[in-house]
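All remarks here apply to the structure that follows.
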Amino acid sequence: MKPSIPRGTRDFGPAEMQKRQYIFNILKTNFQLFGYAPIETPSMENITTLTGKYGEEGDQLIFKILNSRIHESKDDKKEELKKEFNTSLEKSYNSELLTEKALRYDLTVPFARYVVMNNHALTYPFKRYQIQPVWRADKPQKGRYREFYQCDADVIGSNSLVNELELIAMIDKSFAELNIPVLLKFNNRKILSGIAEILNASDKIIDITVAIDKLDKIGKEGVVKELGEKGISESAIKQLEPLIDLSGSNADKVAVLNTFLSTSDIGKKGIEEINFLLNHLKTISTQHIKVELDITLARGLNYYTGTIFEAKANAGTFTPSILGGGRYDDLTGIFGLKGLSGVGISFGVDRIYDVMEELDLFPPSVNKVSTTKILLANFGEAELMHCVGLVSKLRAAGINAEVYPDVVKKIAKQFEYADKKQIPFVGVVGGNEMANNTIMLKNMASGTQEEVDFTKLVEALK
RNA sequence: GUAGGUAUAGCUCAGUUGGUUAGAGCACCAGAUUGUGGUUCUGGGGGUCGCCGGUUCGAACCCGGUUACUUACCCCA
């Protein structure tokens with residue numbers, strides 16, 4: 001049988017894992033630096049927890065898990081199962097008789113579920129980070145996987161926009177350390193709601209935002225066409241034009257919005273929130289990323305109600321979204337806990353990896369397959385056991401060390417092993433060295449070697 | 001779901017208008033070198049040309065189907 005793995009999933013070898021862990025470590029360190037505490041949730045959730053939170057399109061992308069042992073059902077139940085199965089064949093339909101669990105689609109909804117279930121034990125505002133894989137039943141493409149990691153940081157139980165500011169500061173610091181040039185776009189769903197209200201099309205808000213969101217991709221004409229197809233009236237589209245044409249500085253954009261939204265309460269609230277962030281950006285003094293108000297930014301997820309974020313690499317040709325996030329005023333409400341507002345962001349590690357690979361941003365220290373400092377090579381059984389003793393002394397001294405575990409005819413084999421793993425030093429122990437209580441230490445890069453005692457060996461490797 | 005592209009050695013790929021025994025580079029194994037890798041030289045192993053069928057004296061090559069992978073659209077980290 002020819003081995004394979006499901007489409008859109010990947011194996012990660014030691015070389016890739018070095019680089020992935022480098023990213024994870026930077027993010028994790030910063031999460032902790034900003035006061036977030038780690039949690040984990042199960043890979044699978046009850047499917048009812050997930051459905052209806054991600055929009056119509058999102059629901060289709062949820063990975064469903066078939067109930068186990070359905071063949072053991074009683075006969076009358078089987079009739080019902082067949083009916084449910086047939087219905088599933090006809091239309092998009094969820095039957096709990098067939099499927100009661102699903103793989104998590106993101107980390108935010110499971111987090112909201114967690115908060116509601118653990119409300120009694122949490123101190124608010126509750127700040128958590130979570131680094132786990134999520135799954136989407138999508139068709140894989142470049143930069144799009146069916147299993148990928150998200151690194152989320154969320155604050156729940158605080159309405160303050162200071163949380164947004166701090167998130168921006170954390171985004172800045174993280175991308176600075178990863179050395180990725182980044183453009184962080186933000187917007188506010190209240191602006192979008194205000195626009196829909198002014199146009200008398202509040203029920204079409206999703207259609208409008210999705211269409212406007214595509215501006216940089218399909219251009220103004222494309223947006224106008226799509227709006228028409230979605231049933232937006234011509235006069236409304238005409239009204240929208242100044243917004244579609246919106247450009248210039250952040251302040252210029254706000255000025256246009258002020259006029260456009262002057263009669264919408266929710267719109268004005270959105271402008272107020274945007275202004276707060278713009279006015280205080282200097283307080284957190286972002287050093288690295290570029291922050292830009294983009295009123296065409298919509299984001300697909302249904303649960304956002306306030307600020308929304310999206311970041312892309314600001315260099316290279318491959319620039320997928322590598323971070324997303326936003327504020328959700330009542331995500332816990334669906335699970336029975338009202339009045340908790342939260343805001344959070346999600347780093348997409350797999351795409352960050354792809355971008356860093358394209359821009360060649362990994363430092364040389366992580367661009368290798370092994371962290372071993374020295375390999376001890378042996379000439380036979382007695383020497384091997386001598387090495388086993390030596391290597392444990394090296395480890396006690398804090399040096400990453402390994403011993404070649406087999407006795408082989410050719411010592412070259414052991415050097416080859418060290419070379420392939422890019423181990424910088426090889427210690428050779430033969431009869432002479434054993435008698436002298438020394439090690440022949442070879443520097444693999446320069447090719448030079450020197451007979452040293454243990455003290456000198458540790459010094460050379462420190 | 002819609003539309004393209006690709007499928008030949010472990011990997012990346014050549015393969016002429018259809019012609020006899022299907023190649024290269026890398027990787028692998030052995031030797032040159034019995035206490036030394038990476039460089040060099042020599043030799044070697046490795047193929048159901050994705051699968052099924054058709055056309056033909058003859059198919060890796062042409063035709064039909066099928067599967068897998070891949071890119072774009074929709075949507076998204």
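Just so it is clear, the structure is predicted and the values come from calculations on it, not from any experiment.
Distances shown here put a side-chain N or O of A:Arg7 below 4.0 Å from the OP1 or OP2 atom of B:C69. Contact annotation: A:Lys410 reaches the phosphate of B:G31 (side-chain N/O to OP1 or OP2, under 4.0 Å).
In this structure, B:G25 forms a base pair with B:C11, meeting either the Watson-Crick or the G-U wobble geometry with both donor-acceptor distances under 3.5 Å. When Watson-Crick and G-U wobble pairs are counted only if both distances are under 3.5 Å, B:U66 pairs with B:G50. The base-pairing partner of B:A60, taking Watson-Crick or G-U wobble contacts with both distances under 3.5 Å, does not exist among the strands shown. Across all strands shown, B:A72 pairs with B:U2; the Watson-Crick or G-U wobble distances both stay below 3.5 Å. Base pairing analysis places B:A77 opposite nothing; no Watson-Crick or G-U wobble pair with both distances below 3.5 Å involves it.
Between B:U8 and B:C61, the distance separating the two P atoms is 13 Å to the nearest Å. Here, B:U34 and B:G15 have their P atoms 44 Å apart, quoted to the whole Å. Here, B:G19 and B:G65 have their P atoms 25 Å apart, quoted to the whole Å. Using P as the reference atom, B:C28 and B:A14 are 24 Å apart when rounded to the nearest Å. Atom P of B:G38 sits at a distance of 48 Å from the matching atom of B:A77, rounded to the whole Å. When the P atom is used for both B:U20 and B:G58, the distance is 15 Å, rounded to whole Å. For B:U12 and B:U2, the C1' atoms lie 32 Å apart once the distance is rounded to whole Å. The separation of B:A22 from B:U48, taken at their P atoms, amounts to 13 Å, rounded to a whole angstrom.
Judged by the 6.0 Å distance and 45° axis criteria, A:Lys393 is positioned over the aromatic ring of A:Phe454.
Annotation: A:Phe335 is not in aromatic contact with A:Tyr114 [ring centroid separation under 6.0 Å not met].
Taking only distance into account, the side chain of A:Gln422 never meets the base of B:G37 through a donor-acceptor pair shorter than 3.5 Å.
Contact annotation for A:Lys214: backbone-only contact, meaning every heavy-atom pair under 4.0 Å involves sugar-phosphate atoms and none involves a base. Within 4.0 Å of A:Glu383, counting heavy atoms only, lies no atom of the nucleic acid at all. Here A:Asp350 lies out of heavy-atom contact (under 4.0 Å) with every strand. Nucleic acid contact for A:Gly447: base, since at least one base atom lies under 4.0 Å from a heavy atom of the residue. Among the protein residues, A:Tyr145 comes within range of the nucleic acid bases, having at least one heavy atom under 4.0 Å from a base atom. A:Gln60 comes within contact range of no nucleotide atom at all, as no heavy-atom separation falls under 4.0 Å. Among the heavy atoms of the strands lying under 4.0 Å from A:Ala445 is at least one base atom, whether or not backbone atoms are also near. Within 4.0 Å of A:Phe347, counting heavy atoms only, lies no atom of the nucleic acid at all.
One interatomic measurement links the two molecules: CG of A:Leu323 to P of B:A77, which rounds to 10 Å at whole-angstrom precision. The interatomic distance linking A:Arg136 (CZ) with B:C74 (C1') rounds to 15 Å, in whole Å. The distance from atom NZ of A:Lys142 to atom P of B:C74 is 18 Å, rounded to the nearest whole Å. At whole-Å resolution of the value, CZ in A:Phe415 and P in B:U33 are 19 Å apart. Note: CZ (A:Arg144) to P (B:C73) measures 9 Å, nearest angstrom. The distance between atom CG of A:Leu297 and atom C1' of B:C76, rounded to the nearest whole Å, is 13 Å. Between the CD atom of A:Gln414 and the P atom of B:U36 there is a distance of 12 Å, given to the nearest Å. A:Leu184 has its CG atom 14 Å from the C1' atom of B:A77, to the nearest Å.
The A:Lys420 side chain lies nearest to B:C28 when the options are B:C76, B:C28, B:G31. In the set B:C75, B:A72, B:C29, the nucleotide with an atom closest to the side chain of A:Glu416 is B:C29. Picking from B:G38, B:U36, B:A77 the nucleotide with the shortest atom distance to the side chain of A:Phe148 gives B:A77. Listed candidates were B:G35, B:C69, B:G37. Nearest to the side chain of A:Lys442 is B:G37. Of the candidate nucleotides B:C74, B:A72, B:A77, B:A72 has the atom nearest to the side chain of A:Lys139. Listed nucleotides: B:G37, B:C75, B:C73. Nearest to the side chain of A:Gln141: B:C73. Which of B:C74, B:U36, B:C29 sits closest to the side chain of A:Ala412 comes down to B:U36. Distance from the side chain of A:Asp419 is smallest to B:G38 among B:G35, B:C69, B:G38.
Projected onto RNA chain B by closest heavy-atom contact, A:Lys413 and A:Arg351 fall at different nucleotides, the more 5' of which corresponds to A:Lys413.
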Does A:Glu273 form a salt bridge (Lys or Arg N to Asp or Glu O under 4.0 Å) with A:Arg327? I'd like the steps, not just the answer.
CA-CA 12 Å; A:Glu273 294 185 13; A:Arg327 178 169 286 276; 5.9 Å; no

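A salt bridge links A:Asp350 with A:Arg10: the distance from a Lys NZ or Arg NE/NH1/NH2 to an Asp or Glu carboxylate oxygen falls below 4.0 Å. Under the 4.0 Å criterion applied to side-chain N and carboxylate O atoms, A:Arg128 and A:Asp154 are assigned as salt-bridge partners. A salt bridge is defined here as a Lys NZ or Arg NE, NH1 or NH2 lying under 4.0 Å from an Asp or Glu carboxylate O, and A:Lys173 with A:Glu177 meets this definition.
Side-chain contact annotation: A:Asn400 with A:Thr372, donor-acceptor N/O pair under 3.5 Å absent. Residues A:Tyr417 and A:Asp406 bring no donor and acceptor atom of their side chains to less than 3.5 Å of each other. The closest side-chain donor-acceptor pair between A:Gln130 and A:Tyr36, if any, does not fall under 3.5 angstrom.
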